[in-house]
2 protein chains.
Amino acid sequence: MKKRIVIIGMGFGGIHAARTLAGKGHEVVLVDRNNYHLFQPLLYQVATAGLEQESIAHPLRAMARHWQPGTRFELAEATGIDFARREVHTDARTIPYDYLVIGAGSVTNFFGLEGVQRHSFDLKELKDAEVLRNHILTAFERAVHEPDPARRRALMTFVIVGGGPTGVEFAGALIELVHFVLAKDYPELSTRAARVVLVESNDKLLAAMPENLQDYTLKKLRRMSVEVLLNARVVDAAPDRVIFHDGAVIPAHTLFWSAGVKAAPLAAALDVTAKPGGRVPVEPDLTLPGHPEVFVIGDMAYFEQEGLPLPMTAPVATQMGIYAGQAIVAKEAGSPVKPFRFRDKGSMATIGRNSAVARAFGINFRGYAAWLIWLLLHLYYLIGFRNRIVVMLNWVWYYWYHERQVRLITHRTGGHRQFEECK
Amino acid sequence: MKKRIVIIGMGFGGIHAARTLAGKGHEVVLVDRNNYHLFQPLLYQVATAGLEQESIAHPLRAMARHWQPGTRFELAEATGIDFARREVHTDARTIPYDYLVIGAGSVTNFFGLEGVQRHSFDLKELKDAEVLRNHILTAFERAVHEPDPARRRALMTFVIVGGGPTGVEFAGALIELVHFVLAKDYPELSTRAARVVLVESNDKLLAAMPENLQDYTLKKLRRMSVEVLLNARVVDAAPDRVIFHDGAVIPAHTLFWSAGVKAAPLAAALDVTAKPGGRVPVEPDLTLPGHPEVFVIGDMAYFEQEGLPLPMTAPVATQMGIYAGQAIVAKEAGSPVKPFRFRDKGSMATIGRNSAVARAFGINFRGYAAWLIWLLLHLYYLIGFRNRIVVMLNWVWYYWYHERQVRLITHRTGGHRQFEECK
């Protein structure tokens, strides 16, 4: 019997659920507040002028074409769910469902630090990357005319909080943008004074990686002139400085926050006692307790395996999405549904333009080999053949010419006024 | 003796002046309110989801690198000029000059029609293209859920005012987007009811072209299902309709205005009696009357040749820019300066994905041959090798697959609320 399956959120979880359910004889409704799937792991490349924003976004209606018959897309933002009537409330319409897959993702966690939230940048949406790129380039334009050397240095100082893959990758890309590209764009500036500072509250970077890869990453970043501060916590920020828990102050006009994420606000509407990070605890088959027709996947879901909660990463969301699709098909067929099990195929992080660390196939890779694996895997998972070509082109260009081509400030804000100073 | 030449505006005029002056021993200061050169002729392709915005914008500092020594860039918006003290006032600093080249371009001319200005879209800046693309796609998303067939049609009706190259090219690209791409993206919509209406107040399109090419263009557009209204003038607009001078009303949620341009506001600060379109009358050597060290070029300049003012186009601006650079070098060398003379090498306009009209090398081309010439010339003049590759890639993709890859709505505005209706 044909059922209607509504999927909220077209991130890694949602699109893999949709792909799994395509052509299985049901009506599949894809719901997202954007009309594209965003490849979030590459947002930092847009922010450091290495990719166009469109390369990492793929129109959902284009994807839905391949999932016919039965799949359609609705541009809407889910605001709540009526479990009794089995309806999704959105800012546009109410959508009834037989099955529901919720993968609305996560938002940045500022841990209640108001000053930080107000004065920092993060990278979760496409607009964030453009805003950050504009800010970085405008900071250098401002520095050109700043007479005071200390204030000039502060304009060229970038503090990144969070020593996980996001922070590490952004730090590596940013230091290279400054030293290899902006140094040539701004001959009138002494970009030598520029600083990229990576801050981690723990005593190591990339906590999820094996120890030798953590060490390699730390040494490589420092060799690239990234200042790495371990056992340091940022507690406050102003437009022109960053304040630490031990009283340390770094004058900087750019604070990038990648210290943590929490479940999307929709999780609060699900009427379940949240776990750490606002995540929703789920049954072994990823369903919401008491609602066997509702699946929660990806960053929103709290699922323990071997006593530890699964991390909020793309591979987890991907496997959960596939599982949810298979589980729905099985339920409709009356087949038994095995519990979900995440298979950790490894993880990776780039460090600049030709180095990375990766744990894959049970082996630790680092350096150039890791970077190649990273490249191929990202190209593989990037949606859309044309996007792959464009991204490949950009990376080849960057690799050979050390050029980041997208150094554009795309929205004039009266730029010179956005760099306030506090007295 | 080394002089300082300040160039205001990095459009076609400004960059060709800069290129001509590079390495001639003077200090050249490039001033623009954006940090990139914008290839305006291809804005309509970004607006119809055929190109990424970054493909038609090239960072100015990257260009300045090749014009060393002596050339530098300042991100600033010129607000006025003190001719007595020979200083340019900007929103950032005051810049003194020995020579000044003003090429600040043009803005859209709404001819005092307030309703039109408030409710229409135009294409002069990069942001315009993104806004218009978002609007077009959002209109279709809205149409999906509109129950009233007439209102649904109005959402899919696009009125374009102006039968010059801009309007013709946009109309052709838009009708193809609707029929070949969106028809597949929106299987739940009957895109048959969509309308693209091109409005021209004259009795012919492409007034600057030979008559047989005008006829060809008219017939080709109509064969593609573009409705072409000749001898029609739009006098007012509301969010959901377009009103004509003869009382005709077309229900439409999108009005695109390409009926004319006028000189940039900076022209008013030049203290000269303006010509039609706000343009600044210049001497035979393109200098401002009374100020032999100040050149006005491009869309801002009013220059008659054979009794007629030169049009406000890219080739005119380009040749004026080169001339201004050469004239400055000649003046400094004490050599005589010949008067400016524009050499009309032809003009062209595309009509959809494989057709065009072109007058080049003294011959009229149309159809596929004209389109090839258009393609090669645009690729040639596009700045930046990488941009050429990306644009070529997009066009090849479009030609073979009829796919416009950039169907992204990039800024959620709460989209469903921006389509008001008037009672």
Does A:E87 have any side-chain contact (heavy atoms from CB on, under 4.5 Å) partners at least two apart in sequence or in another chain, and if so, which?
A:D82, A:R85, A:H89, A:T94, A:P96
Considering only heavy atoms, which portion of A:Q53 lies under 4.5 Å from any heavy atom of chain B: side chain, backbone, both, or neither?
both
Residues forming a salt bridge (charged side-chain N to carboxylate O under 4.0 Å, His left out) with A:E27, sequence neighbours excluded:
A:R4, A:R72
Part of B:L137 within contact of chain A (heavy atom distance under 4.5 Å):
side chain
If you check every heavy atom in residues 185-192 of chain B against those of chain A, which residues fall under 4.5 Å?
B:D185, B:Y186, B:E188
Ring centre gap for B:F12 and B:H37 strictly below 6.0 Å:
yes
If the condition is ring pair (Phe, Tyr, Trp, His ring centres under 6.0 Å), which residues does A:F121 pass it with, not counting sequence neighbours?
A:H135
Under a 3.5 Å threshold, yes or no: a donor from one side chain and an acceptor from the other, between B:S55 and B:E52?
yes
Of B:E130, B:Q68, B:R61, B:K127, the largest count of non-hydrogen pairs under 4.5 angstrom with chain A goes to B:R61
Any ion pair linking B:E54 and A:R133 (charged N to carboxylate O, less than 4.0 Å)?
yes
Electrostatic pair B:E125-B:R33, nearest N-O below 4.0 angstrom
yes
